[in-house]
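All values below come from the heavy atoms of this structure, side chains included, with hydrogens, waters and symmetry mates left out. Being a predicted model, the structure only gives us computed values, none of them experimental. Letters A, B, ... mirror the listed sequences (proteins, then strands); counts begin at 1.
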Number of protein chains: 4
Amino acid sequence: MTEVMTATDGTGLASSYPRVRSLTEELAAPLSGEDQTVQSMPDVSPAKWHRAHTSWFFETFLLTESLGSYAPFDPAYEYLFNSYYEGVGPIYPREQRGLVSRPGIEEIARYRIHVDRAMEQLLTRPLDPRTHELVTLGLHHEQQHQELLLMDIKHVLWHNPVRRSYGNLTEPEPPGTALTPAEWVEHPGGLVEIGHQGPGFSFDNERPRHPVYLQPFALSDRVVTCSEWTSFIEDGGYQRADLWLSDGWAAVRHGRWDAPLYWTWEDGAWQVFTLGGVRPMHPHEPVCHVSYYEADAFARWSGARLPTEHEWEAVHSTGSGATDDTFDLARLHPCPLSPSDSGSVPGSGVWQWTSSSYSPYPGFTIAAGAVGEYNGKFMVNQYVLRGGSCVTPPGHARTTYRNFFPPGARWAFSGLRLARDA
Amino acid sequence: MTEVMTATDGTGLASSYPRVRSLTEELAAPLSGEDQTVQSMPDVSPAKWHRAHTSWFFETFLLTESLGSYAPFDPAYEYLFNSYYEGVGPIYPREQRGLVSRPGIEEIARYRIHVDRAMEQLLTRPLDPRTHELVTLGLHHEQQHQELLLMDIKHVLWHNPVRRSYGNLTEPEPPGTALTPAEWVEHPGGLVEIGHQGPGFSFDNERPRHPVYLQPFALSDRVVTCSEWTSFIEDGGYQRADLWLSDGWAAVRHGRWDAPLYWTWEDGAWQVFTLGGVRPMHPHEPVCHVSYYEADAFARWSGARLPTEHEWEAVHSTGSGATDDTFDLARLHPCPLSPSDSGSVPGSGVWQWTSSSYSPYPGFTIAAGAVGEYNGKFMVNQYVLRGGSCVTPPGHARTTYRNFFPPGARWAFSGLRLARDA
Amino acid sequence: MTEVMTATDGTGLASSYPRVRSLTEELAAPLSGEDQTVQSMPDVSPAKWHRAHTSWFFETFLLTESLGSYAPFDPAYEYLFNSYYEGVGPIYPREQRGLVSRPGIEEIARYRIHVDRAMEQLLTRPLDPRTHELVTLGLHHEQQHQELLLMDIKHVLWHNPVRRSYGNLTEPEPPGTALTPAEWVEHPGGLVEIGHQGPGFSFDNERPRHPVYLQPFALSDRVVTCSEWTSFIEDGGYQRADLWLSDGWAAVRHGRWDAPLYWTWEDGAWQVFTLGGVRPMHPHEPVCHVSYYEADAFARWSGARLPTEHEWEAVHSTGSGATDDTFDLARLHPCPLSPSDSGSVPGSGVWQWTSSSYSPYPGFTIAAGAVGEYNGKFMVNQYVLRGGSCVTPPGHARTTYRNFFPPGARWAFSGLRLARDA
Amino acid sequence: MTEVMTATDGTGLASSYPRVRSLTEELAAPLSGEDQTVQSMPDVSPAKWHRAHTSWFFETFLLTESLGSYAPFDPAYEYLFNSYYEGVGPIYPREQRGLVSRPGIEEIARYRIHVDRAMEQLLTRPLDPRTHELVTLGLHHEQQHQELLLMDIKHVLWHNPVRRSYGNLTEPEPPGTALTPAEWVEHPGGLVEIGHQGPGFSFDNERPRHPVYLQPFALSDRVVTCSEWTSFIEDGGYQRADLWLSDGWAAVRHGRWDAPLYWTWEDGAWQVFTLGGVRPMHPHEPVCHVSYYEADAFARWSGARLPTEHEWEAVHSTGSGATDDTFDLARLHPCPLSPSDSGSVPGSGVWQWTSSSYSPYPGFTIAAGAVGEYNGKFMVNQYVLRGGSCVTPPGHARTTYRNFFPPGARWAFSGLRLARDA
């Protein structure tokens, strides 16, 4: 899919547009109107909101500007489904998205069809580069919301005391073989090139490509597993202040954390909640749903540290070793998506926290207009994650991709890989 | 309906049970699954929760005890749909009712049918007095939730920036005639009997009947109208601290109140939001959706005061005057209910705040068991309202009926009637 | 003292004014500048604020109006030391009183002298009735703040982890004799007169005197003791939801209450914190520092109830039995005040919660002007306490006196006396 | 002073110890017991707490370990004056420091003398390197608290509506000459060495020295002035969402920011509050008391950006141009400190925000034991400031010094210097 979405004529987009759009509807299909309406915390958005907002993106940034004949589906949507673009106009409060019972899911479905018909019309024409770029951006944007939709509905279902399954998902077979010990992949340091450089698509925050000087270091060849995490727990990891950043220790006490999110202790064993429901934790699966604070504390406990995002990228861009033996284990998470394209995604089933604060690359510039609010304005109080996860749409991520969340967030599919000084 | 529901044999209940139960479903029918799931504030419950909880009441207090063969529809419901009965067991947190996407509305419908079939079976048998009393209580309980369902969905729809109509409601014709000035109905005071005395049904909080000594006083013959309220607004009522109780003034500032709930100022005129949507305020309709604080401040501004609940009952039980000329104006609120039975309800379309704190009558006793938690444990921090409203089910209220809300609550259909010392 | 303060000529006031004013300074004398500055919760005021505010009362309501030559000590004080009189002007936020380091205690002392000199001048003249009334009110007002100062500094010292003694107080000798069981004092009910009627001083909220009809009832002849309270604790009183009002149970869980305020469990025994520091709880002393919620739950657990304020007054005004055997035990609380005048105060060392919401008596009217904000605007969300406490200044309280606090408040010297239906 | 404090024999410390310690007492001298007790927000500590905590540092990390005969002044202080060292034991809650009326300031003075006498004894002996290092650290620690004491008392006095002057401070003479326009100092980029390398003292967070690769850039030769800031304000800087980071914009709205902290608009002109009281803003003085969010928004509005901490250090360590013409203007802030040693401090009177998140340098290691909690555990959610301020004690800061605060903090003496890509 990657190559299709970066084609520079409308033909490629005419093909990738319906494919990306229909996946959103497939992901929402097992969810009732009630499921798609609930917001379990301010960071979570209802599934129907994701469906509407991704359509709003095409309507706002493309159709009303580039398609003269276009009539908005409902003028109120401009306000209701604006996520955070101050330049577009007033924004319905994020934390109240769960109060919107109407429009219901049938109306949202009609909205999507309305937008899709107009977009199909637009895509039959020759596209100027700016339009082509915006459509491509809109599709990558929609893929991001596909992952968010799955993260969010998992959180919604988790908060329901009664039933907890997203839908009919196949429970994968755990592997029979033992896990080999993690190995350190050495890197000599020195000047490396970081960031994306054409021809394919990248977000603005991955550019410009620039040199960074690294000290020699080593990176683990796989992510941390659940059995390793239970050793941390059993060694009092959540009770020892000396392992934690000061803000992290406050989060542990305030949130009464004693294990990753979605772990429960039942009948003498750890259970994990997945989109398929509750099942026993598998010791070899990557630990998932840990915050930056937890990842940092675990690394300190291990006598290691988290890698910087530069270190992570330096190793992964050369293919010099991070072999992701645990990759298949990530498939233990039942998921409505087919497995990621491991050729393009350095995958392990979980996003990997880095010690890098999310900040602009040297020479970073923000696009003109409201669409420029896409990335730059979030470059504070967040930490970068690299890799991709089992709920990242196939073909979406890449080696230079920069995901980011606040250090206390746990509802993303986030794990970690250790690093150390050489 | 009143007489049917107080008959002492099962025949009457066999007839009133399905009538009351089906009204709940009629009220919910225009609402989608999304509508029935949203909780717009902690005090509000989702419509589907009301449908389930009223069934839970019969299941918990009658079927599991009195019908040997009864199998609960879903064991998890005991926890999920318990409102506040600590004696029954753990209670799902009230403020999280809006997080429950499943069970959905179809499953709730099946739950109601499951309970109804079992109740029909129970009601064909001769009932012992305790069972009869509990079924009757369950039906009055369900009527209370019918009113709550309408209050709550109005609040939900109000918080939706897009569409605001409950369903297809007929907009009533405003009356063409002018409103006559309010008259004072004098009462000589002295010892009066307050409270309910058989044979019909009453809640425990209306009993026992007991003497109260009153000073001479006068009560207005109708409730306060919207045009009177606009005079209060225009005279700076919401800006003058001297008119308000201290806690009331804090509520004005904290909530930025400048008019009753559901009033908006648009294009130079007040609009009111009803279940039928937004329409111009009619000057003669009773003011509605005001808090105790506002009612008290308005009374002080008028040189009058609120009546005590004893004064209110003394006047209304003798039929000595409170003639409710505004009664028909209450019908300006489009409502899915047919008009109240004005023979039994001293109606004016709005509940009327009294200055009486909600407290037990002398000799009040609490029923044994969890059902005893029905009323007594709320007798603090609340004020009594009397009368009934346009969303009170027909036959539900009576002269001795004691409704109650905290003094800052505004989402009930609450207005006021003035009183003064003689 | 009582008679002096109600004399209608200036001579009496000229004598009582300095006596009341100097007691305030005596109470503050053991407290350092630091002690007098801290505010341990929004309800608490710093000691130096009490000293200033009581002076502000005389300055604002008397000197600036009645003494032509008077120059305010500092114009900023009008704002800074206004407690809650909206009619006077803007009010410095209550919850920020602990942020005011300046003026310091020496300046407050000079402020008091400045006001006292002017008041002495005023009191040498013949006083018109209104002025006489306001001076008298100002002295009773200051006595209320003397009690508040002691309540508040106790709370401040309690929150200090290091040292906890108010000053050099004599620890009273506990009585050697056993406590006789409580007896019920019967009252036949019927019409009783409630409220104050001349000639002495009373607050506006005690008037007008009016008839109330009572059912027959009985009142305990003494207040509840600490040993009785420990039985409640040991019987799971703080763990049983069925004993509590709904809001009370929420307060128990939110505040993690498991004993009265100022009780600690150390080395296998209950300790109580007094103004003299921490000492073992004496089983016969009246239980103190309990909220309305706790008093109500204890009464329910006892198979009794709280009295109404009418019942309490009816018994105490006739001298028909509430003999307060525990009175002397109240003296176990070391206190800088000399014992109350038991001739005028129906004392037991603790204020006694009643089940009566604080509301106006029939015919109650509010005084004109800002001084009218004294009592009336607090008549909501509070419950009445009767009696007096070991920190009530001698001569201040009386049988008709109505103290009031919100139902969750515990820092007043509040206990309870049981009642029951006859 | 710098060289003295880094001498490796006890002689130097024996001389610098009393000098540093006595400055703390000089700074506290104009403050009353009340002034030294108030805590105006959780981030602020009372002045007497600073005096005690700096003594606690010597007591805890040196005297109880290295001086066998030492008896702690009061065992309770270990808990009460521990700031955040979890390894030492339980910590009195930071946000409750303003509740501690006792110990009072006289007792704190005795505590300091007690510690000083023991330290003098210790310093007469030959010191092993570890002890020498800890004493030196304790002195630099005390200097940091001297700056905090002044920051904090400014905030305390600001919140007092009545009087606002720290003490008798000389109001500096504003310069008569005009300000020359800012010039850009170019830097060619490339590999630069960042961080401290002996022989003098540095904090662990300044080490190890390591290479960083920079792109070519330019740095302004002076900090931003108040007149430049007013242009930002007048251009709607605080009303334009497009200029702000998303979290910054939320802070603007939540805090209702419309100017730097301590600015007020009176009589048609900006006034600034200094330790000397309120005076007119001088257009050429460096803008001060702005948050990272504001600094970032101003830079964006200017078409520039903030420098990274590496860029800042690269320019300042070479002496290649950042000439700080505004340095003397910083002296417009009346201050109890004598001017900083401009030979060692790259001063401009204000700390300068950089765009660098506070994170460990490559190879950073944390010291063993509780003293290791000094810096490392705060390396999250904070941004680095460089330079020094008019309340930084002389000789304390240096070119490699890394100060840090959360991006919303405004009570530090924080300003900014602009940068841009070359």
Side-chain angles (χ1 to χ4, degrees), chain A residues 28 30-42 44 46-49 51-52 72-82 89-93 95-109 111 152-167 277, chain B residues 28 30-42 44 46-49 51-52 72-82 89-93 95-109 111 152-167 277:
Chain A
L31 303 172
S32 68
E34 292 96 322
D35 290 336
Q36 295 193 38
T37 298
V38 169
Q39 179 178 37
S40 50
M41 66 171 173
V44 157
K48 73 175 185 184
W49 184 91
R51 294 170 60 207
F73 182 75
D74 185 327
Y77 285 16
E78 176 174 309
Y79 166 66
L80 195 54
F81 296 121
N82 181 353
I91 301 168
Y92 181 75
E95 68 279 7
Q96 297 181 21
R97 289 179 187 161
L99 303 187
V100 179
S101 67
R102 305 182 195 180
I105 57 172
E106 286 84 6
E107 186 171 324
I108 299 295
Y111 177 38
D152 290 357
I153 196 66
K154 183 171 181 179
H155 197 262
V156 166
L157 295 170
W158 166 256
H159 277 81
N160 188 321
V162 182
R163 279 193 202 83
R164 300 176 167 179
S165 173
Y166 160 83
Chain B
L31 304 173
S32 68
E34 291 97 322
D35 289 337
Q36 295 193 40
T37 298
V38 169
Q39 178 178 37
S40 50
M41 67 171 172
V44 157
K48 72 175 185 183
W49 184 92
R51 295 168 61 207
F73 182 74
D74 185 327
Y77 285 16
E78 176 174 308
Y79 165 66
L80 196 54
F81 296 120
N82 181 354
I91 301 167
Y92 181 75
E95 68 279 8
Q96 297 181 20
R97 287 178 188 163
L99 302 187
V100 179
S101 66
R102 306 183 195 179
I105 58 173
E106 285 84 6
E107 185 171 325
I108 299 294
Y111 177 39
D152 290 356
I153 196 66
K154 183 171 181 177
H155 196 263
V156 166
L157 295 171
W158 165 256
H159 277 81
N160 188 320
V162 182
R163 277 191 203 86
R164 299 175 167 179
S165 172
Y166 160 84

Q: Counting C-beta onward and ignoring hydrogens, is there a side-chain heavy-atom pair between B:Arg102 and A:Val162 closer than 4.5 Å?
A: no
Q: Checking heavy atoms, do the side chain of B:Pro103, its backbone, both or neither come under 4.5 Å from chain A?
A: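 Both parts, backbone and side chain.
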Q: Could you report the tightest heavy-atom contact between A:Gly98 and B:Val38, atom names first, then the distance?
A: O-CG2, 3.6 Å
Q: Measuring heavy-atom distances to chain A, does B:Gln36 have an atom under 4.5 Å in its side chain, in its backbone, in both, or in neither?
A: neither
Q: Of the non-hydrogen atoms in A:Thr37 and B:Glu34, which two are nearest, and what is the gap between them?
A: OG1-CG, 2.9 Å
Q: Picking from B:Gln96, B:Glu107, B:Gln39, B:His159, which has the most non-hydrogen pairs under 4.5 angstrom with chain A?
A: B:Glu107
Q: Among B:Val156, B:Ile105, B:Leu31, who wins on heavy-atom pairs under 4.5 Å with chain A?
A: B:Ile105
Q: Where do A:Ser40 and B:Leu99 come nearest, in terms of heavy atoms and distance?
A: CA-CD2, 3.7 Å
Q: Please classify the contact between B:Leu80 and chain A as side chain, backbone, both or neither, with a heavy-atom cut-off of under 4.5 Å.
A: side chain
Q: Search all heavy atoms of B:Asp35 against all heavy atoms of A:Ser101 and return the closest pair with its distance.
A: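 Reported closest heavy-atom pair: OD1-OG, 2.5 Å.
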